[in-house]
Amino acid sequence: MTNWPLTSHPTAHLRRVLTSCLIGGVGLSALALLASIGGCGDTAPGAAMGSNAVSPVTAADGKKVVRLEFRAAESGFDPATAHDLYSSIVVDGIFDTILTYDYLAQPAKLVPKLASEMPLVEDGGKRWTIKLVKGAYFSPHEAFGGKKREVTASDVAYSFKRHFDDSIKPVWRFLIDGKIVGLNAWFDKGKKADGLAWDEPVAGLEVLDSHTLRITLTKPDFNFSYVLAHVAMGIVAREVVEKYPNDVQSHPIGSSAYYLKEWSRGQKIVLEKNPYWRGGTWDFKASGKDPYDEVIVKAMQGKPLAPIDRVEIYPIEEAQTRWLAFKNKQIDVIHIPEPFIKQAIVSGKVAPELAAEGARVQRLLDPEYTYNYFQWNDAVWGGSELHKIALRRAAAMAINREDEIEIIRKGNAVRAEFLVPPGVAGHKADFVSNITYNPVLANALLDKFGYKKGADGLRMTPDGKTLTFKYTSTPTAAEREFDELYSKNMAAIGIRYEAEKEKFADSIKREKRCQITIRGASWIADYLDGDNFMQLLYSKNIGESNNGCYKSAVYDKLYEQSAVLPDGPERDKLYIEMQKQFEADTPWVLGVTRYRNQMIYPWVVGYKKHPVLLADYLYFDVNMANSGKGK
C-alpha cells in the first residue's frame with residue numbers, strides 16, 4: 001500500500017493560527033506559536049496545555065476519546081479509490097472486510113470479521129464459500145430511508161464488481177483482476193455496451209442465499225484470503241454509491257465499528273462509535289514472542305471491542321509541529337518523527353522527561369521500503385534504450401543511502417537490497433544488490449554513453465539538450481534535507497537538480513496518470529507475502545500500484561509465472577530472475593526499510609502496532625486513571 005510521504009508540510013490549521021495570531025498583534029515568535037498550537041482562540045488538536053497537563057481522554061459529553069496523528073493529509077474514504085495509507089486507516093474503521101487479522105498473533109494470522117467463520121476452500125483452492133454473520137448493519141442513512149440496513153451477500157458481490165467501474169478510477173483492481181470467473185468478461189461486455197450491468201450475475205460471484213456467497217477463481221490463488229482481508233475490499237452499499245456516484249469518498253457508509261462524524265479536509269477527522277455495530281469481545285492470546293503481549297492481554301481480555309467512543313485524527317504534516325503536539329499531550333500516540341528520535345530515545349531508553357510522564361516506546365522494522373522511481377514514459381529518463389538505462393543506473397549509483405540513513409533518518413533505517421523487504425515471505429536476507437554507491441563509476445558510465453558536460457560543467461543529453469534530475473516532493477523541512485542530499489549527489493556526477501514541490505495528495509493523483517518524472521515513494525505490506533511487492537512493477541498495474549509506469553515483457557512473464565506459486569524454492573528462483581531484470585533496467589532506486597518508533601502515553605491501554613492491520617483503534621482503550629504524570 002502506498003505509504004506515508006518521506007515528509008510533509010505545515011497544516012492549514014497551523015497556517016490559520018499563525019495568521020490569526022499575527023493579525024491580532026500577539027507578537028509571539030514562530031517557535032512560541034508552534035509550542036502553543038490551539039492558542040489565539042483556535043482549538044485543534046486541543047487547547048494549548050503545559051507539559052504537566054492532564055490528557056482529556058474523556059470529552060465533555062463523557063465519551064472516551066483518543067487523539068491520533070497522520071503524517072500526511074488524507075485523500076478520501078471510498079474503499080475502491082483510497083490509495084494512501086492514511087485514508088485507508090479511516091476506511092478500515094468504517095467498512096467491514098470479510099476477514100481481518102488477529103491483533104497479537106505472530107506471524108500474522110487471518111480471522112473472520114464480516115464472515116461468520118473462515119471460508120470453506122474447495123476444488124484445489126479455486127472455490128471459496130463465504131458465510132456472513134447475521135445482524136451486521138450499514139449505518140442509518142437517507143439512502144436507506146433514514147434506517148439501518150443489513151449487509152447481505154449481494155453487497156459483497158456488488159463491492160467486488162465496483163473495482164471494475166472505470167468512472168471512479170479504482171486503484172485496487174489488480175487484487176482481483178483476472179482472478180474471478182466471469183468478472184472480466186462482465187466488465188468487457190459493459191465497456192462495449194452503454195455501461196456496466198450491475199444486476200447481471202457473474203458466474204464466479206454466486207449469491208447462494210442472503211448471507212452466503214460462493215467465489216470461483218480462474219485458478220488457485222494462494223493469497224486470496226489476504227485479498228478478503230484487504231481494506232480495499234471493504235463492503236459498500238449500492239444505494240449510497242448511487243446517491244453519491246462521484247463522491248462516495250465523502251460519504252463513507254459502512255457496517256464496522258465507527259462512522260464518519262466530522263471531516264475537515266487536511267485538518268481533522270472525527271470517527272464516532274457506530275451505535276448499531278454488532279460488537280464483539282476482545283479475545284486474543286499473547287504471541288509468546290513479545291513479553292508486552294502479556295500486559296496487553298491482562299488489560300484487555302474480555303472487554304468489548306472498540307471501547308473508545310471517539311477517534312480524533314489530526315493530519316499534521318510538519319515533523320516539528322507533530323512532535324510538539326505530542327509533548328504537549330495534544331496527541332496520545334505518535335510515530336516519532338525521525339528528526340526527533342534522538343530527543344525521544346536516549347541511550348536506548350525513553351528520554352527522562354518523557355519517561356517521567358509514563359510514556360513508552362514500541363519499536364519494529366516495518367514490512368516496507370522506500371524507493372525513487374523514474375517515469376518510464378519520460379523522454380529523457382524513461383525507456384529501454386541503452387543510454388537511458390545508463391542514465392538511470394548512474395543516478396542510482398550517485399545516491400548515497402548511508403548519508404540518508406545516518407544524517408536524515410538518524411540511523412533509523414536499514415538499506416533496502418531486495419524487492420521483497422524483511423518480514424515478508426520471499427525476502428532474501430543474504431541478497432546484495434549490484435547497484436551500489438559509486439559516483440566514480442557513475443561518471444564513467446555517463447561519459448561512455450554520450451552525456452557530455454557543457455561549459456558550466458553540467459551534463460547534457462546525447463542530443464545536446466538540458467539534463468535535469470527533476471524531483472517531486474512536499475514542501476517540508478525534512479524534504480528539504482532530501483533536496484540537499486540529492487542535489488549534492490547529482491552535482492557529483494554533473495547533473496542539474498530541480499525540486500518540484502506540491503501537496504502529497506496532488507502528487508499521488510499525478511503519478512497515477514504517469515505525469516511525474518522522478519519521485520520518492522514507499523510501499524508497506526498489504527499482506528506479508530512477496531507477491532504484494534513484486535506486483536509493483538507489473539505493467540498491468542500501471543495507474544494503480546505501478547507508480548513509475550514501468551513496462552517490461554520479460555518482467556511481466558516472470559511475474560505471471562510467480563503469481564500462481566506458493567512461497568517456496570520454485571518461486572524464489574523466479575524472484576531472483578525478476579530482481580535481475582529490475583536491476584538491468586533500473587526503473588527505480590531502492591531506498592531504505594524504516595524502523596517504526598511509536599511512543600504511547602500511559603492512558604492508552606492495550607496498544608500495539610500491528611504490521612498489517614490498519615484500524616488498530618478497534619483493539620485498544622483509554623483510561624483516565626492513567627492520565628497525567630507517570631509514576
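Owing to the predicted nature of the structure, the values given are computational and were not obtained by experimental measurement.
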Residue pair [X] / [Y]: nearest heavy atoms and the distance that separates them:
| X | Y | answer |
| --- | --- | --- |
| L99 | A115 | CD2-CB, 4.4 Å |
| S256 | G93 | CB-O, 3.5 Å |
| E502 | P475 | O-CD, 3.6 Å |
| V333 | E69 | O-CG, 3.7 Å |
| R162 | V248 | NH2-CG2, 3.6 Å |
| K126 | P220 | CG-N, 3.6 Å |

Residue pair [X] / [Y], side-chain donor-acceptor N/O under 3.5 Å:
| X | Y | answer |
| --- | --- | --- |
| Q535 | S545 | yes |
| T281 | D283 | no |
| Y607 | Q362 | no |
| D526 | H230 | yes |

For the pair F224 and W128, name the ring-plane relationship: parallel under 30°, tilted 30 to 60°, perpendicular over 60°.
perpendicular
Do [X] and [Y] have side-chain heavy atoms sitting under 4.5 Å apart?
| X | Y | answer |
| --- | --- | --- |
| K243 | I253 | no |
| I296 | F620 | no |
| S116 | H211 | no |
| D166 | R173 | yes |
| E206 | V181 | no |
| V236 | P79 | yes |

Taking atom NZ as the centre, does K131 end up with more than 12 heavy-atom neighbours from other residues, nucleotides or ligands that are less than 6.0 angstrom away?
no
Regarding [X] and [Y], does a basic nitrogen lie under 4.0 Å from an acidic carboxylate oxygen?
| X | Y | result |
| --- | --- | --- |
| E368 | R596 | no |
| D96 | K113 | yes |
| K540 | D177 | no |

Quick one: do K261 and R310 satisfy side chain to side chain contact (heavy atoms under 4.5 Å, CB included)? Show the steps, please.
CA-CA 9 Å; K261 174 72 172 179; R310 182 180 300 147; over 6 Å; no
To the closest 0.5 Å, what do you measure between CD1 (I508) and NE2 (H83)?
6.0 Å
Rounded at 0.5 Å granularity, tell me how far CG in D616 sits from NZ in K608.
12.0 Å
Looking at H141 versus Y259, is the centre-to-centre ring distance below 6.0 Å?
no
Indicate, with yes or no, if the rings of Y619 and W282 have centres closer together than 6.0 Å.
no
Evaluate side chain to side chain contact (heavy atoms under 4.5 Å, CB included) for Y101 paired with Y226, printing each intermediate quantity in order.
CA-CA 9 Å; Y101 289 87; Y226 295 114; 3.4 Å; yes
Checking K501 against S473 for the side chain to side chain donor-acceptor pair (under 3.5 Å) test, could you report, in this order, the C-alpha distance in whole Å, the side-chain angles of both residues, the deciding distance, and whether it holds?
CA-CA 5 Å; K501 299 298 181 182; S473 64; 2.7 Å; yes
Quick one, T472 with E511, criterion side chain to side chain contact (heavy atoms under 4.5 Å, CB included). Give me CA distance, side-chain angles, the key distance, then yes/no.
CA-CA 10 Å; T472 300; E511 78 181 3; over 6 Å; no
Under 6.0 Å from the ring centre and within 45 degrees of the ring axis: does the NZ or CZ of K148 meet both conditions for the six-membered ring of Y276?
no
side-chain contact (heavy atoms from CB on, under 4.5 Å) with I130: of L120, I98, V156, only one passes, and it is I98
If we check side-chain contact (heavy atoms from CB on, under 4.5 Å) with W603, which of these qualifies: D332, D621, V66?
D332
Evaluate F164 against W186 for ring-ring contact (aromatic ring centres under 6.0 Å, His included), listing each step before the verdict.
CA-CA 9 Å; F164 288 80; W186 170 84; 7.1 Å; no
